[in-house]
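Inspection log for the structure reproduced underneath, given as structure tokens.
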Amino acid sequence: MDKKRLQILVYVVGMFILAIGLTLNTKANLGVSPIISVPYSISQITGLNFGDLTFVVYAIFVVVQIIIHIRLKNHKRIVSDILQLPLSLIFTRSLNIFSTYIPTAQNLGIRFIVLTLAIICTGVGAAMSLSMQLVPNPGDGIVQSLAEGFNKSVGLTKNLFDCFNLCITLCISIFIAHQIVGVGIGTVIAVLGVGRVIALFHHIFEYKIEELICE
């Protein structure tokens with residue numbers, strides 16, 4: 001298999017693993033990752049489909065990216081931004097499929113095991129797809145675009161964007177449901193754990209990744 005095909009395969013498998021990770025995150029019932037906390041909380045409060053709401057949020061992320069790149073006159077990136085829409089559609093359909101067949105954990109011990117698996121899958125999936133440098137997931141793409149637009153580091157922008165999402169989730173929860181929905185100890189563990197898994201993945205597979213993406 002040539003490098004390009006292998007690169008695409010790693011990317012697709014990564015997105016598949018990421019979708020499983022995000023689904024497991026919701027099934028642990030301990031609080032979800034900040035990036036999906038808004039659609040998840042709305043879904044829990046209103047009963048609307050989680051995958052469909054995630055697609056709506058991702059579409060908003062894509063629009064924001066396009067606006068940023070137009071202002072920066074970075075027209076080459078706009079094509080990549082637009083390609084995130086069909087990617088998001090496929091990705092969120094995967095979330096719906098996995099959500100249908102993966103049950104919600106009830107026992108507290110099992111919930112923490114599911115959360116651990118969710119963090120590992122999310123970190124590995126994100127690392128695999130991002131490292132291939134193809135079309136980014138909208139959740140990652142908007143962080144990169146905001147970092148460009150405000151001339152800040154990606155790490156700082158990611159932290160601030162996570163806080164922004166959590167603030168929106170908390171506002172929606174408190175003002176509509178009158179209780180906190182989607183935010184818990186699992187949210188904190190996910191914020192800390194996913195980054196560590198991504199860093200470990202890159203440390204282990206750094207040379208393989210460089211060999212694969214270099215022409």
Side-chain angles (χ1 to χ4, degrees), residues 7 10-11 14-15 17-18 21-22 25 31-40 54 57-85 87-88 91 118-171 182-183 185-215:
Q7 192 176 352
V10 172
Y11 174 82
M15 294 298 291
I17 295 173
L18 177 60
L22 292 178
N25 195 221
V32 300
S33 297
I35 198 69
I36 59 168
S37 63
V38 174
Y40 178 77
T54 303
V57 171
Y58 277 1
I60 294 171
F61 289 173
V62 170
V63 171
V64 173
Q65 290 177 69
I66 292 173
I67 292 171
I68 290 173
H69 291 138
I70 288 174
R71 292 190 65 182
L72 294 175
K73 297 181 179 179
N74 190 349
H75 302 298
K76 290 182 179 179
R77 289 286 297 277
I78 294 174
V79 175
S80 176
D81 297 338
I82 294 172
L83 288 174
Q84 289 177 38
L85 286 173
L87 167 68
S88 298
F91 184 77
I119 290 170
I120 292 171
C121 288
T122 301
V124 170
M128 288 176 67
S129 56
L130 279 173
S131 61
M132 293 302 100
Q133 298 179 7
L134 297 174
V135 180
N137 181 288
D140 298 310
I142 190 168
V143 170
Q144 294 170 349
S145 298
L146 288 169
E148 279 183 68
F150 290 100
N151 196 27
K152 301 294 182 182
S153 70
V154 173
L156 175 61
T157 306
K158 171 65 174 172
N159 292 335
L160 293 174
F161 191 66
D162 281 347
C163 290
F164 174 72
N165 280 285
L166 288 177
C167 286
I168 293 177
T169 300
L170 290 172
C171 287
V183 179
I185 184 63
T187 305
V188 178
I189 296 174
V191 169
L192 299 174
V194 171
R196 295 300 87 208
V197 172
I198 291 174
L200 180 61
F201 180 91
H202 282 297
H203 176 72
I204 296 173
F205 296 103
E206 180 180 4
Y207 295 112
K208 289 289 185 181
I209 292 170
E210 289 181 359
E211 182 181 333
L212 186 58
I213 64 177
C214 290
E215 296 296 336

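Everything quoted here is computed from the prediction, not taken from an experiment.
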What's the separation between atom [atom1] in [X] and atom [atom2] in [Y], rounded to the nearest 0.5 Å?
| X | Y | atom1 | atom2 | value |
| --- | --- | --- | --- | --- |
| Y58 | N137 | OH | CG | 4.0 Å |
| Q133 | Q7 | CD | CD | 7.5 Å |
| Q65 | I70 | CD | CD1 | 12.0 Å |
| L146 | Q144 | CG | CD | 10.5 Å |

For [X], side-chain hydrogen bond (donor to acceptor under 3.5 Å, both in side chains) partners two or more places apart:
| X | value |
| --- | --- |
| S88 | none |
| T122 | none |
| T54 | none |
| E148 | R77 |

Partners of [X] by side chain to side chain contact (heavy atoms under 4.5 Å, CB included), sequence neighbours excluded?
| X | answer |
| --- | --- |
| I120 | T116, V124 |
| V188 | L192 |
| I209 | S131, M132, F201, H202, F205, I213 |
| L83 | V79, V135 |

Give a yes or no answer on whether the side chain of [X] reaches the backbone of [Y] with a donor-acceptor pair at less than 3.5 Å.
| X | Y | result |
| --- | --- | --- |
| T169 | V38 | yes |
| S153 | L156 | yes |
| S145 | I142 | no |

Which atom names give the shortest non-hydrogen contact between [X] and [Y], and what distance separates them?
| X | Y | result |
| --- | --- | --- |
| I82 | I66 | CG1-CD1, 4.0 Å |
| A118 | G21 | CB-O, 3.4 Å |
| G123 | I198 | O-CG1, 3.4 Å |
| L22 | I36 | O-CD1, 3.9 Å |
| S37 | P34 | OG-O, 2.7 Å |

Note to self: Can you confirm whether I35 sits close enough to F61 that some side-chain heavy atom of one is under 4.5 Å from a side-chain heavy atom of the other?
What the structure shows: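 Heavy-atom side-chain distance check passes, below 4.5 Å.
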Side-chain polar contacts of residues 158-166 - donor-acceptor pairs under 3.5 angstrom, sequence neighbours left out - could you list them?
unit_1: K158; atom_1: NZ; unit_2: D162; atom_2: OD1; d: 3.4
unit_1: N159; atom_1: ND2; unit_2: G155; atom_2: O; d: 3.4
unit_1: N165; atom_1: ND2; unit_2: F161; atom_2: O; d: 2.8

Notebook entry, point to check: What pairs meet the salt bridge (Lys or Arg N to Asp or Glu O under 4.0 Å) rule with one or both residues in residues 188-209, with sequence neighbours excluded?
Noted result: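 Applying salt bridge (Lys or Arg N to Asp or Glu O under 4.0 Å) to every pair that reaches into residues 188-209, excluding sequence neighbours, yields nothing.
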